[in-house]
Amino acid sequence: MKKRDVSGKTLQDVGIVVLMVALLAAVVVSTLSSTDMVSENLVMTVVVFLAVLFAAFRVTGLAIVIAAVQTVTFVAYKVYGMFSMDAKIAVLSYLWLVIPGLAVLGMVLFIKGVNRLQLDNNILSQQVEELIMIDPLTGFYNLRSMYMDIQTQISFAERNNKKICLMILRPRYRKELKDVLKKEQYETAIVKLSKYVFDTVRLEDRVYSLDSDGTIGVLLTCDRAGARLVEGRLRNKIEDEKAFVGIAEKPIRMDIQLGCLEYKQEYNRDAILFKSEVEEEVAYDLS
């Protein structure tokens, strides 16, 4: 990755240098040429800028064609003037043979360097996103981490003849809360909700933030009967009228939907199936 970053940056640097040299040459020709070549130099400069413009918008083929046609036309014009009108070719005019090609080449190299850096940045961003295991809002592990831990806990439970449960809870009226609260207020409410869950469960239990809407997963190292006790404590704490005081000017109440299942052999170590079954319990929670 580092090598490609350097390569893209180098292409940008080389491209901009070549382009500046070409444009500087065009300025020198236009400035130092005789007055009878003003129109000729103006036309050549405008066409060069047109070719560079197309190259900048990544229409490389058309930019190359314009530069090539410009050079061939200029040569034909000069040769015709030399033979038909016995006109002498100024030394500075020879620079127009390379200026169009150099200018387009410089812009093409610069754009290629930009594209390469953008590609590298996109790949790096994707890799970083795939490696992130922590939810930035709550500080809890995310869904990807939960899937990994479920597999580990299943193996541990089977080896030691233990029970595990997966609990998922979320605010019941998420859309309504988002409509009433500002974004910062809603995030504060989610952080509070997460803290209540973390403070209620045992240290050996694991809490996960599953999405940005406040859905929380809890991996419990107990059977379903023990999970019901946790569920009762959670509902009492979260659905208390004073639990979310101070977030908005008017007090808000957060009801939750909650589902919980004990792991069974029928799930066959399938963490996704296990989670989907619990989510169905959440959807049908009317309490």
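- Linking ILVMFWY residues whenever their side-chain heavy atoms come closer than 4.5 Å, directly or via other members, places Leu109 and Val98 in the same cluster.
- Transitive grouping of hydrophobic side chains (ILVMFWY, heavy atoms separated by less than 4.5 Å) brings Ile111 and Leu23 into a common cluster.
- When all heavy atoms of Asp240 and Arg253 are compared, the closest pair comes out as C-NH1, 4.5 Å.
- Looking at every heavy atom in both residues, Ile99 comes nearest to Ala22 through CG2-O, 3.7 Å.
- Scanning for ring-ring contact (aromatic ring centres under 6.0 Å, His included) contacts around Tyr141 gives an empty result, with sequence neighbours left out.
- Within the model, atoms CG of Leu32 and CG of Asn41 stand 10.0 Å from one another, a figure rounded to the nearest 0.5 Å.
- Residue Lys182 places its NZ atom among 12 or fewer non-hydrogen atoms of other residues, nucleotides or ligands, all under 6.0 Å distant.
- Heavy atoms only, all atoms of each residue included: Gln257 and Pro171 are closest at OE1-O, 4.4 Å.
- A heavy-atom distance below 4.5 Å is found between the side chains of Tyr77 and Glu40.
- A heavy-atom distance below 4.5 Å is found between the side chains of Leu193 and Ile238.
- Of all heavy-atom pairs between Ala63 and Ala51, the closest is CB-O, 3.2 Å.
- Rounded to the nearest 0.5 Å, atoms CZ (Arg228) and SG (Cys165) are 9.0 Å apart.
- A 6.0 Å sphere centred on CE of Met20 holds more than 12 heavy atoms belonging to other residues, nucleotides or ligands.
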Criterion side chain to side chain contact (heavy atoms under 4.5 Å, CB included) on Ile154 and Ile164, from CA distance to verdict: CA-CA 7 Å; Ile154 289 174; Ile164 62 170; 3.8 Å; yes

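- For the ring-ring contact (aromatic ring centres under 6.0 Å, His included) test, residues two or more places apart in sequence or in another chain that qualify with Phe198 are Phe140.
- Geometric assessment of Lys178 against the ring of Tyr186 yields a positive cation-pi assignment under the 6.0 Å and 45° thresholds.
- The side-chain heavy atoms of Leu210 and Met146, taken from C-beta on, include a pair separated by under 4.5 Å.
- Judged purely by atom type and a 3.5 angstrom limit, Asp205 has no side-chain atom pairing as donor or acceptor with the backbone of Val201.
- Separating the OG1 atom in Thr200 from the CZ atom in Arg233 is a distance of 7.0 Å, to the nearest 0.5 Å.
- With values rounded to the nearest 0.5 angstrom, Phe57 atom CZ is found 13.0 Å from Leu62 atom CG.
- Leu258 and Asp285 get closest at one heavy-atom pair: N-OD2, 2.7 Å.
- A side-chain donor-acceptor contact under 3.5 Å links Asn236 to the backbone of Gly232.
- Remark: Glu241 CD is loosely packed, at most 12 non-hydrogen atoms of other residues, nucleotides or ligands lying under 6.0 Å away.
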Enumerate, atom names and distances included, each donor-acceptor pair closer than 3.5 Å involving a side-chain atom of residues 66-73, sequence neighbours excluded.
{"from": "Gln70", "atom 1": "NE2", "to": "Met44", "atom 2": "O", "distance (Å)": "2.9"}
{"from": "Thr71", "atom 1": "OG1", "to": "Ala67", "atom 2": "O", "distance (Å)": "2.9"}
{"from": "Thr73", "atom 1": "OG1", "to": "Val69", "atom 2": "O", "distance (Å)": "2.6"}

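- Leu273 and Ile168 fall within a single hydrophobic cluster, where Ile, Leu, Val, Met, Phe, Trp and Tyr are joined by side-chain heavy atoms under 4.5 Å apart, directly or via other members.
- Arg206 and Thr221 form no side-chain donor-acceptor contact under 3.5 Å, judged by distance and modelled atom types alone.
- Pairs engaging residues 153-170 under the salt bridge (charged side-chain N to carboxylate O under 4.0 Å, His left out) rule: Glu158-Arg269, Lys163-Glu262 [sequence neighbours left out].
- Scanning for ring-ring contact (aromatic ring centres under 6.0 Å, His included) contacts around Tyr267 gives Tyr263, Phe274, with sequence neighbours left out.
- Legend: residues meeting salt bridge (charged side-chain N to carboxylate O under 4.0 Å, His left out) with Lys183, ordered by chain and number and at least two apart, are Glu187.
- For Lys112, there are no salt bridge (charged side-chain N to carboxylate O under 4.0 Å, His left out) partners at least two apart in sequence or on another chain.
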Start with the C-alpha gap between Leu234 and Met167, add the side-chain angles, then the distance that decides, and say whether side chain to side chain contact (heavy atoms under 4.5 Å, CB included) holds. CA-CA 11 Å; Leu234 282 174; Met167 178 183 293; 3.6 Å; yes

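- Judged purely by atom type and a 3.5 angstrom limit, Asn142 uses its side chain to pair as donor or acceptor with the backbone of Arg144.
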I would like to know whether Val218 and Leu166 meet side chain to side chain contact (heavy atoms under 4.5 Å, CB included); could you show each step before the answer? CA-CA 6 Å; Val218 185; Leu166 177 61; over 6 Å; no

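- Tyr208 is not listed as a side-chain neighbour of Leu143, based on a closest heavy-atom distance of 4.5 Å or more.
- For residues 191-200, every residue pair satisfying the salt bridge (charged side-chain N to carboxylate O under 4.0 Å, His left out) rule, not counting sequence neighbours, is listed here: Lys195-Asp199.
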Taking it one step at a time, do Arg172 and Ile256 satisfy side chain to side chain contact (heavy atoms under 4.5 Å, CB included)? CA-CA 5 Å; Arg172 185 181 299 275; Ile256 61 171; 5.9 Å; no

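- In the hydrophobic clustering of ILVMFWY residues, with side-chain heavy atoms under 4.5 Å counting as a link, Leu50 and Leu97 come out apart.
- With hydrogens and angles disregarded, a donor-acceptor distance shorter than 3.5 Å links the side chain of Ser194 to the backbone of Ile190.
- Residue Met254 comes nearest to Ala189 through the heavy atom pair CE-CB, 3.9 Å, listed as atom of the first residue, atom of the second, then distance.
- Under the 4.5 Å side-chain criterion, counting only non-hydrogen atoms from C-beta, Cys222 is in contact with Arg202.
- At a threshold of 4.5 Å between side-chain heavy atoms, the hydrophobic network of Ile, Leu, Val, Met, Phe, Trp and Tyr places Phe244 and Leu169 in one connected group.
- Under the salt bridge (charged side-chain N to carboxylate O under 4.0 Å, His left out) criterion, Asp223 pairs with no residue at all, not counting sequence neighbours.
- Residues passing the side-chain contact (heavy atoms from CB on, under 4.5 Å) test with Thr45, sequence neighbours excluded: Ser30, Phe49, Trp96.
- Rounded to the nearest 0.5 Å, atoms CG (Leu19) and CG (Leu24) are 11.0 Å apart.
- For the atom pair CD (Gln151) and CZ (Phe156), the distance works out to 16.0 Å, reported to the nearest 0.5 Å.
- Looking at Leu181 and Ile252, their side chains come closer than 4.5 Å, going by heavy atoms from C-beta outward.
- You'll find the side chain of Val47 stays beyond 4.5 Å of the side chain of Pro100, heavy atoms only.
- Contact annotation: the side chain of Ile16 never approaches that of Gln12 to less than 4.5 Å [non-hydrogen atoms, C-beta and beyond].
- Here salt bridge (charged side-chain N to carboxylate O under 4.0 Å, His left out) pairs that include residues 49-58, with residues two or more places apart or in two chains, number zero.
- Residues satisfying the salt bridge (charged side-chain N to carboxylate O under 4.0 Å, His left out) test with Glu231, not counting sequence neighbours, are Arg224, Arg235.
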